[in-house]
Protein chains: 2
Amino acid sequence: MREAGVDARKKRILQAIIEDYVLTALPVGSRTISRKYETSLSSATIRNEMSDLEEMGYLAQPHVSAGRVPSHKAYRLYVDGLLQGEVRADEEMKAFFADQLRPTEDVATAAAQALAGLTRYTAVVMMPKQLELRVSCLQLVPMPRGAALLVIVTDTGAIRDTVIRVSERLDSDALFSISRLLTERLAGRTLQEVQEMLGAYARMNGPDARVLEGIAALAAQMEKQSAQDTVIIAGSHNILNYPEYSDVEKARAFLTALEEKEKLTHLLSHHDAPFMVHIGSESAISDMQDCAIVTAGFPVGRGHRGAVGVIGPSRMPYEKVLSALGAASHVLGELLGE
Amino acid sequence: MREAGVDARKKRILQAIIEDYVLTALPVGSRTISRKYETSLSSATIRNEMSDLEEMGYLAQPHVSAGRVPSHKAYRLYVDGLLQGEVRADEEMKAFFADQLRPTEDVATAAAQALAGLTRYTAVVMMPKQLELRVSCLQLVPMPRGAALLVIVTDTGAIRDTVIRVSERLDSDALFSISRLLTERLAGRTLQEVQEMLGAYARMNGPDARVLEGIAALAAQMEKQSAQDTVIIAGSHNILNYPEYSDVEKARAFLTALEEKEKLTHLLSHHDAPFMVHIGSESAISDMQDCAIVTAGFPVGRGHRGAVGVIGPSRMPYEKVLSALGAASHVLGELLGE
DNA sequence: GTTAGCACTCGACGAACGAGAGTGCTAACA
DNA sequence: TGTTAGCACTCTCGTTCGTCGAGTGCTAAC
């Protein structure tokens, strides 16, 4: 083995192969490259180079008389090249977001949907778990027919609500007094503490124990939900648009794998670099072997970080996806960071 | 044509064919029926009967040497028979619901998910549009860092909220005073009126016009959403479990058709009988030609009716689906009716 | 180092064919 | 008159075989 390096020309050829394959999903032959990309070289020359690249593990042949297909290693080289450069945030994506800024918790959902819609891939957003959430405000809003909406707001701005039954006698002023009392007593406490305190009260208190029970239940639910990373998925069946998944069994396996969110969470929660790209088997999720997962992190306050990602076939226009992700993570960071 | 009727034996045979076909999705031969169902008759006899049934339009042959497949007309006869009898509400389904009674608006979502999970088909819930919604209460809940959660509750118990920015000077008492004032002025008004009134105020009022604008925007959004029937879909990719959709193109067409909710809405909103079954082309949604849609209505108050439905291949265990739907509509009616 | 030429390989596609499933028809039977 | 056995017939499915074409690797010439 005299020459082990990937020289500039090999790199150009490899890039051409990748770009052609991303477009067509068909093995790329030497003639195609010679015609469409490296017009100054003949197909024979390209063949020699391709042969070298195959030996180095960057290309593979589905069978001997087919063209070449880029390997995971090739995508990796290509993507690393992209990540070296500046990732430019996609302006279209940013504009898309700007229109529908709704600073409630469901920005994450909106972001996932926007990303899935624009990239035509599957998008995921991971919101990290938040331990030790402290109650900031607690309010009962009157509703018709002896009901009330119980709202809990935490110091991080998380909101959760539920409808509870209350005595018909309580009018809106009474509910406000109760709210104020409860907020005074409970503000600054963790959800855990709130549950404990209310458990104690509820056993003593007679008539309006229902309210306290409702609060305890909501606090419990809120604590449970916030104690684990949550993953939001959008555009899951975009995958059906790609020939890689023209087999229903594969598509089903993919969709089922998406439902089991643990692995996805794991992948998304170890996110140090601004962008990460997991290609093929690197992702360690079976049923997603020929997928790539491109992710970007964003701050959500208190030093925690969430992540947003796009899942599609390894054959993916990484540059576009990266810039869309850049825009999404930027906007999410602005909305959800401190 | 001497005898035009479907006598009892023909009916039994037809039923056997349908039930076998529902299980296997394979054309049913005369031998199968003679062996598994009508053991006292020979296959030749069954063949004669099947031939008659085919002539009457109840059966079809994919090709001459295959077994028979029930036609839409056959399903129709079968289903009409079922609908004559009592539809027993599925106890498992009911129990499932009882566990997670959450009387907020997302019961509809929960119902759809439960139904999709238990039937393994696609489930839809339609909530009818509500015109002339009147505000019952309006409340600002303090949030950290100069924000507030604005909650609007209507006389029907519908809730919508959004986060708005407010002056940092406003503490929870101030917000309550504003809430009380606003509720006094606006309670009983329609969402339309609220928007008009606030538009007028906001132009005059200086500093806290933001709050009024926020309310007007939320009222507008709420009015827009409630002015049209909304459809909630769950388990859309359950369809991939059935051989009818082993072709990716078909599956994709189906999923795309689901996204366009107008036709679905139309189908679900004309719901007079307690149960309705649309089979095949009856449903008039292309891309769902070999589907059946089974629906049940439920009351949502004010004389309006919502509907819950299950969409799957025509080959469907109608009895089970009907009883699951019965349970779902019963529970939804109890939670959402007056 | 590059290129033209050529033999070779392998998958896709279509035709031919046998096996198997299921039918319709006829004739015999109760 | 209704039921059944028997049989010829039809059609699909899977297999095999041969052809076509795309694309390669190798060699020799530039």
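Just so we're on the same page: letters track the sequence lines, and every chain starts at 1. Computed from heavy atoms alone, side chains included, the values below leave out hydrogens, waters and symmetry copies. Since the model is a prediction, treat every value here as computed from it, not as a measurement.
Within 4.0 Å of A:S40, counting heavy atoms only, lie sugar-phosphate atoms of the nucleic acid but no base atom.
The shortest side-chain heavy-atom distance between A:R68 and A:S51 falls under the 4.5 Å cut-off.
In this structure, B:E55 places its CD atom 10 Å from P of C:dC25, rounding to the nearest Å. Rounding to whole angstrom units, CD1 of residue B:I33 and C1' of C:dG22 are separated by 13 Å. One atom, CD of A:E49, and another, P of C:dT2, lie 7 Å apart when rounded to the nearest Å. Protein atom CG of A:N48 is 15 Å distant from nucleotide atom P of D:dA28, rounded to whole Å. Summarising the geometry, the separation between CG on A:D52 and C1' on C:dT2 is reported as 14 Å, rounded to the nearest angstrom.
When the options A:R47, A:R12, A:K10 are evaluated for a salt bridge (Lys or Arg N to Asp or Glu O under 4.0 Å) with A:E38, the one that passes is A:R12.
Rounded to the nearest 0.5 Å, atoms CD1 (A:I17) and CG (A:L59) are 4.5 Å apart.
Closest non-hydrogen pair, A:V308 versus A:A328, comes out as CG2-CB, 4.5 Å. For the pair A:C291 and A:F254, the tightest heavy-atom approach, listed with the atom from each and the gap, is SG-CE1, 3.6 Å. Shown here for A:A112 and A:I232, the closest heavy-atom pair between the two residues is CB-CG2, 4.1 Å. Of all non-hydrogen atoms in A:Y318 and A:A292, the two that sit nearest each other are OH-CB, 3.4 Å.
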(Q) In dot-bracket form, 5' to 3', how is DNA chain D paired? Count Watson-Crick and G-U wobble pairs only if both distances fall under 3.5 Å, and write | where the partner sits on another strand. (A) ||||||||||||||||||||||||||||||
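Between A:K11 and A:D7 no salt bridge is recorded (no basic side-chain N to carboxylate O distance below 4.0 Å).
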Q: List the protein contact pattern of nucleotides 5-24 of chain D with one symbol per nucleotide (5' to 3'): B for base contact, S for sugar-phosphate-only contact, - for none; contact means a heavy-atom distance under 4.0 Å.
A: BB---BBS---------BSB
